[in-house]
Structure formats: structure tokens, C-alpha cells
Amino acid sequence: MFRTRFAPSPTGYMHIGNLRTALYAYLIAKKAGGIFILRIEDTDQNRNVPSSVQAIYHGLALAGIVYDEGPDKDGGHGPYIQSQRLPIYKTYAEKLLASGDAYLCFCGKSDKPAQEQTGERVQGYRDPCRNLSGKEVEEKLAERILPVVRQRIPDSGSSSYFDHVYGTITIENSQLDDQVLLKSDGYPTYNFANVVDDHLMEISHVIRGQEYLSSTPKYNLLYQAFGWQQPEYIHLPHIIKEDGSKLSKRKGDPSFEDLVGMGYLPSAIVNYVALLGWNPGDDREIFMLEDLAQVFDMDRINKSSAAFSFDKLLWLNGEHIRLLSEEAFHALALKYYPESVRHIDLTRISQLIHPRLEKLTDIPVMVSFMAELPAYDVALFENQKSRSTLDSSRKVLKETLPLLESLAEWSNETLFETLKAYAQEQGLKLGTVMWPIRTALSGLPSTPGGATELADLLGRQKTLLRLHTGLVKLQAAE
RNA sequence: GCCCCUAUUGUCUAGUGGUUAGGACGCAGCCCUUUCAAGGCUAAAACCAGGGUUCGAAUCCCUGUAGGGGCACCA
């Protein structure tokens with residue numbers, strides 16, 4: 001049985017890397033018909049941001065990632081919040097103490113090797129307390145010094161493990177520190193809580209960032225000390241920016257929720273992020289979450305870090321928008337329409353912008369001309385491709401105006417037929433007729449929809465008025 | 001400083017000894033077209049460097065270079 005978990009610490013918001021880790025963990029479980037678990041790692045009392053647990057719930061919900069077990073979904077392996085599991089860690093720490101795989105350390109924080117002072121890093125740290133006699137320990141305890149529990153790393157030898165992404169990793173034990181397992185405040189460190197919980201929650205595959213690659217042997221030593229079976233490992237490469245630097249909230253890089261606020265569809269973001277470091281092995285690029293759960297393969301995850309490209313996300317977002325049904329799109333678009341445009345047929349506007357929209361937040365700019373004609377230059381009536389000149393435009397506007405004024409039925413079809421007939425009769429290119437009309441109606445070089453679609457949408461009165469305005473402008477330029 | 005990892009077009013990537021090095025985004029051009037999108041077609045664009053191994057290396061090995069990560073009573 002596959003059991004994976006997403007184990008964020010509630011320190012802020014759901015950034016892109018977090019989203020992908022959660023997504024991959026979810027996909028690996030779901031592909032195998034397994035269980036996906038949410039566990040909150042809040043063992044650092046200084047860094048906890050209470051509201052960010054909500055951000056995690058919200059982010060997962062937004063992405064469509066549903067966990068099978070979690071703080072509010074007991075699957076018999078709870079509690080799923082580490083701060084509620086303190087007695088458990090204590091029990092297991094005592095086992096290690098008893099077996100000699102851990103020891104009590106009474107050093108104050110300032111007794112540590114002077115890393116800060118010298119700027120030199122010390123690896124393979126061996127604390128003097130590891131050799132304290134039973135009697136010495138008793139004495140320290142009697143002095144009421146609060147100890148920490150440290151892991152006893154073997155002095156020699158090396159540890160290897162297999163990672164699904166990076167292959168076999170080998171680290172010399174001498175490179176590993178005698179890590180603190182239990183802090184003096186009674187809270188476990190990540191190193192310890194993670195191992196204990198992963199075992200107790202029967203996690204089969206550990207999916208996490210690549211920063212744990214070289215500390216994983218320490219965790220494996222812990223598994224061995226307990227006589228537990230090690231999980232399989234999937235370490236993920238980092239997501240970076242196109243300039244090679246890392247994503248950071250402080251530098252203004254958006255979180256998952258920020259991106260949604262910027263007009264990107266959650267499904268598109270999920271799709272994009274899935275492709276950052278993984279590919280299906282064929283040319284498919286458009287995936288919904290359900291599709292990913294079918295085809296995802298952890299052995300196809302890449303080793304090197306991937307740069308986040310807004311260009312590609314934008315394209316993918318357009319693809320996802322176009323995948324939406326007319327109704328679904330309209331429902332989403334609704335809240336982006338500015339007040340000024342709400343008297344117009346919004347359903348019809350949605351139909352026009354749907355195939356041309358790249359992100360939802362572009363809607364206001366795209367439609368605002370419908371409410372109010374922007375100021376534009378006569379030069380806009382000149383267009384080489386449609387063979388439009390100031391003269392031709394003036395003629396077209398002047399001659400089609402009465403035609404449209406007397407049109408019996410005002411619809412896209414009748415408008416189009418009328419103008420097409422006019423073009424044929426005059427021996428003009430259709431574009432030469434449509435260009436000045438579209439221009440006069442919008443005052444823009446490009447619009448969602450052509451001349452007759454806009455005329456239909458704006459209605460007879462507004463159309464004739466704008467056409468008039470255009471004609472006046474052209475006559476003034478004569 | 002020590003250790004670990006990575007390296008194919010601007011970006012995401014395919015590729016596991018023999019390919020005209022494939023696809024996608026972006027970029028440029030053309031077609032389609034009632035403007036713009038979408039769609040179709042075309043173009044430019046890459047194997048970090050140097051040594052090996054081999055009849056033959058993007059692919060295997062070594063060295064270098066560059067980038068990233070780890071070495072906390074943070075996760």
C-alpha cells in the first residue's frame with residue numbers, strides 16, 4: 001500500500017515549491033491507489049504563524065488536492081499535528097537513550113563549537129556529552145540543567161540509500177552531526193519527529209525537497225536504530241527563476257494563491273507546476289489533475305532544477321480557459337466585469353472573449369471600450385492589410401450608415417449580410433468595409449470580436465452614434 | 001572550509017553508444033481571417049570545457065568550470 005504525506009510547517013503561505021511537493025506526493029499515492037496524508041509540522045514554536053494552517057487547507061482545496069487523512073480527517077494514525085504528539089516523541093527518544101543510540105547533552109547553546117565566531121563550519125560534530133558517564137549524567141540532572149537528546153552517529157563507515165530521482169547517494173558517517181533529536185523545551189526537531197511520524201503513519205514514500213538529500217542518511221540511521229523499515233525516497237529538484245535565483249516571497253514572487261489572484265486558473269497552475277521537473281514521456285502537455293493521477297511516474301522526475309516561466313504558464317492558462325465550457329467560463333468571468341459594462345449582454349461578451357483570453361484579470365481592459373469609446377486617432381482608420389485608407393473609410397462609413405439605420409432586424413447575421421452585400425456591390429474587399437466600422441465602434445486596433453459582432457453587442461443606438469462620431473472625425477481630417 | 005547534487009536552444013524538456021539531436025513556450029515570417037486571438041505551416045535557436053574508453057559518444061569514465069544544496073535546540 002502506498003502512503004505518502006505532505007508535511008508543511010505552518011510558517012507562512014503556500015509557495016510554488018510547496019505546491020509541487022504536495023502535488024507530486026498526492027499523484028504518487030493516487031497513481032498507485034494509495035493514501036495521501038496531510039501532517040502539520042509545527043515543532044518550531046518561534047516560527048509558527050497560526051493563520052498559515054488555514055492557508056495550507058485553502059491552497060490544497062484550491063488545487064483540488066484532497067487528503068485522505070489529516071488533522072480534520074482521522075485515519076487512525078493521528079493526531080496529525082506534531083505539537084499534539086509530544087508524548088510520543090518522548091517515548092521514542094527514551095528508547096534510543098536506553099539502547100545507546102542517543103544521549104543526553106547538557107551543553108548550553110553557547111558551548112557549541114564556535115561556528116558563528118570563526119565563520120568556519122564544523123561537520124561531523126561530536127558533542128563532548130556523548131561520553132558522559134551515568135554518574136555524570138545524574139549530577140547534571142541534579143543541577144536541574146535541561147538537557148537535549150542527541151543522536152549518536154557512528155564514528156566510521158558510511159551510509160547509502162537509493163533515491164528514485166537521484167539514484168544511490170552515499171555519505172560518510174564522519175560528515176554527519178550528532179543531531180539534536182529532542183530540544184530542551186521538549187519539542188522534537190524535524191529530524192526526529194519526521195522519522196517517528198513517517199514510521200508511525202506508515203509512510204511508504206517520502207517526497208520532499210532536494211535539500212534533504214544529504215541529511216537523509218541520518219534519518220536512515222534512526223530507522224535502523226529502531227529496527228524500522230526505511231521508506232522509499234523521492235527528492236525533488238528546486239524550482240527557480242529564469243535568472244537562476246530562487247523564488248522568494250520577499251522579492252515579490254507570487255505564491256500559489258497570488259497566482260490565482262493574478263488571473264491564472266488553479267488547474268493551469270497545477271498543470272504547469274507538474275511539468276516543472278517531470279514529463280509524461282510523450283508530447284502531451286495539457287493535463288487536468290485527474291489525468292496526472294493516471295499518468296504520473298515518479299521514476300521520470302528530473303534531477304536538475306527548473307526555472308519558472310510566466311510565458312509558458314500564460315500560454316497554458318489560455319489553453320485551460322479555452323477548455324472551459326461556455327457556462328463555466330461565464331461563471332468565472334462574471335466577477336471580473338467592470339460595473340460600467342454590466343448593462344450589456346454579459347453572456348454574449350463572455351462568448352466573444354472566451355477564445356481570446358489568456359488570464360481572467362485581462363477582462364476589464366479587454367471590455368472597457370464597450371462602455372465608453374476611448375479617444376482614438378484618425379490614423380487608426382488606415383490599415384494596409386484590409387486596404388483601408390482615410391478615403392475608403394470615410395466612404396464606407398458615410399454609405400453604410402443609412403443602410404444600418406434602416407435595418408429591420410438588428411443581429412450579427414443581418415448586419416453581416418447587409419455589409420457583405422454592400423461590399424460586393426461596391427466591389428470592395430470585405431475587410432475594407434469591416435475595418436472602419438470595427439474601428440469606429442471600438443477606437444482600438446484590436447478587439448474581441450469583429451465589426452458586426454461588436455455592433456450586435458453594442459445595439460443599434462450606440463452603434464449608430466459611434467459610427468457617426470467616426471465619420472465626423474474622418475470628415476474633419478479631410 | 002568539508003560533503004552532496006546538477007549541467008541539451010532564452011525557458012521547460014525528449015534522448016540511456018550509431019538520430020538530419022525530437023517536442024513545447026517565447027521570438028520571426030507566411031497562410032487562414034470581419035480586427036485580434038485561436039488554428040495551420042515555415043524559420044532561427046542547444047549537447048559547459050578538456051581529456052579518455054570505443055569502429056563510433058549528448059549518452060560511459062576522469063578532471064576542470066559553472067550553478068544549486070547541506071553542515072542549527074529551522075524545517
Side-chain angles (χ1 to χ4, degrees), chain A residues 7-9 11 41-44 46-47 105 107-109 112 115-116 118-125 146-150 163 165-167 169-172 174-177 179-185 187-191 193-194 208-217 235 237-238 240 242 244 246 272 275-279 281-285 302-316 318-319 322 353 355-358 366 383 385-386 388 415-416 419-420 423 429-435 437-439 441-442 444-454:
Chain A
S9 53
T11 53
E41 308 219 327
D42 59 344
T43 56
D44 184 354
N46 299 320
R47 298 211 314 175
C105 166
C107 299
K109 290 179 192 179
K112 281 186 308 183
Q115 299 180 355
E116 287 80 37
T118 61
E120 287 248 324
R121 299 298 199 136
V122 176
Q123 89 282 3
Y125 175 60
L146 284 179
V148 300
V149 176
R150 275 188 196 276
D163 181 90
V165 175
Y166 291 96
I169 305 289
T170 304
I171 310 267
E172 297 293 322
S174 62
Q175 294 297 324
L176 271 21
D177 281 356
Q179 204 83 53
V180 169
L181 264 22
L182 228 45
K183 308 177 207 173
S184 53
D185 65 2
Y187 276 73
T189 58
Y190 168 88
N191 313 296
N194 206 260
R208 56 163 54 136
Q210 176 234 56
E211 62 270 24
Y212 295 102
L213 214 45
S214 48
S215 47
T216 294
H235 286 98
H238 287 144
I240 54 176
E242 296 209 57
K246 51 182 174 184
Y272 178 65
L275 258 17
L276 238 31
W278 173 84
N279 73 83
D282 57 32
D283 287 342
R284 256 188 99 188
E285 290 198 291
N302 279 19
K303 298 184 223 271
S304 51
S305 29
F308 189 96
S309 159
F310 280 91
D311 276 339
K312 186 131 190 183
L313 172 61
L314 189 61
W315 166 77
L316 207 44
E319 294 289 319
R322 273 169 248 129
I353 65 174
R356 346 176 115 83
L357 193 67
E358 280 190 304
M366 202 177 234
N383 181 266
K385 211 179 123 197
S386 60
S388 285
L415 284 159
F416 187 77
L419 292 170
K420 193 179 174 186
K429 256 185 81 149
L430 187 58
T432 315
V433 175
M434 296 299 192
W435 179 265
I437 296 177
R438 209 204 98 265
T439 302
L441 292 185
S442 64
L444 296 172
S446 75
T447 47
T452 63
E453 288 167 315
L454 295 187

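Naming convention: chains lettered A, B, ... in sequence-line order (proteins, then strands); numbering from 1 in each chain. Because the structure is a prediction, the values reported are computed rather than measured.
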[X] [atom1] to [N] [atom2]: how many Å, rounded?
X	N	atom1	atom2	answer
A/Tyr190	B/rC71	OH	P	12 Å
A/Leu213	B/rC3	CG	P	16 Å
A/Gln175	B/rG69	CD	P	19 Å
A/Ile171	B/rC5	CD1	C1'	9 Å
A/Asp177	B/rC4	CG	C1'	14 Å
A/Glu172	B/rC3	CD	C1'	10 Å
A/Tyr212	B/rG70	OH	P	9 Å

pair [X]-[Y]: side-chain heavy atoms closer than 4.5 Å:
X	Y	value
A/Lys312	A/Leu275	no
A/Gln210	A/Lys303	no
A/Ile169	A/His235	no
A/Val148	A/Arg150	yes
A/Ser386	A/Lys429	no
A/Glu319	A/Glu285	no

Using a 4.0 Å cut-off on protein heavy atoms (strictly under), produce a 5'-to-3' string for [range] with B for base contact, S for backbone-only sugar-phosphate contact, and - for none.
range	result
nucleotides 30-43 of chain B	---BBBBSSS----
nucleotides 6-15 of chain B	SS---SSSSS
nucleotides 59-65 of chain B	-------

Base paired to [N] (Watson-Crick or G-U; both N/O distances under 3.5 angstrom):
N	value
B/rC32	none
B/rG18	B/rC55
B/rA66	B/rU6
B/rG1	B/rC71

Expressed as a whole number of Å, how far does the [atom1] atom of [N] sit from that of [M]?
N	M	atom1	answer
B/rG29	B/rC62	P	48 Å
B/rA43	B/rC30	C1'	10 Å
B/rG68	B/rC73	C1'	27 Å
B/rG15	B/rC60	C1'	15 Å
B/rA46	B/rA38	P	26 Å
B/rA24	B/rU42	P	10 Å
B/rU8	B/rC3	C1'	28 Å
B/rC71	B/rA28	C1'	49 Å

Pair A/Asn191, A/Thr189: side-chain N/O donor-acceptor within cut-off below 3.5 Å: yes
Whether A/Tyr212 and A/Tyr190 hold their rings parallel, tilted or perpendicular, with breakpoints at 30° and 60°: parallel
A/Lys420 NZ: over 12 foreign heavy atoms closer than 6.0 Å: no
Sugar-phosphate only, base, or nothing, as touched by A/Val148 at under 4.0 Å among non-hydrogen atoms: base
Touch class at under 4.0 angstrom, heavy-atom based, for A/Ser442 against every strand present: nothing
side-chain contact (heavy atoms from CB on, under 4.5 Å) between A/Asp44 and A/Ser9, worked out: CA-CA 9 Å; A/Asp44 184 354; A/Ser9 53; over 6 Å; no
Given B/rC5, B/rA75, B/rC3, the nucleotide with the shortest approach to the side chain of A/Thr189: B/rA75
Under 3.5 Å donor-acceptor pair, A/Ser184 side-chain atoms to B/rC73 base atoms: yes
Distance (rounded to the nearest 0.5 Å) between A/Cys105 SG and A/Leu181 CG: 12.0 Å
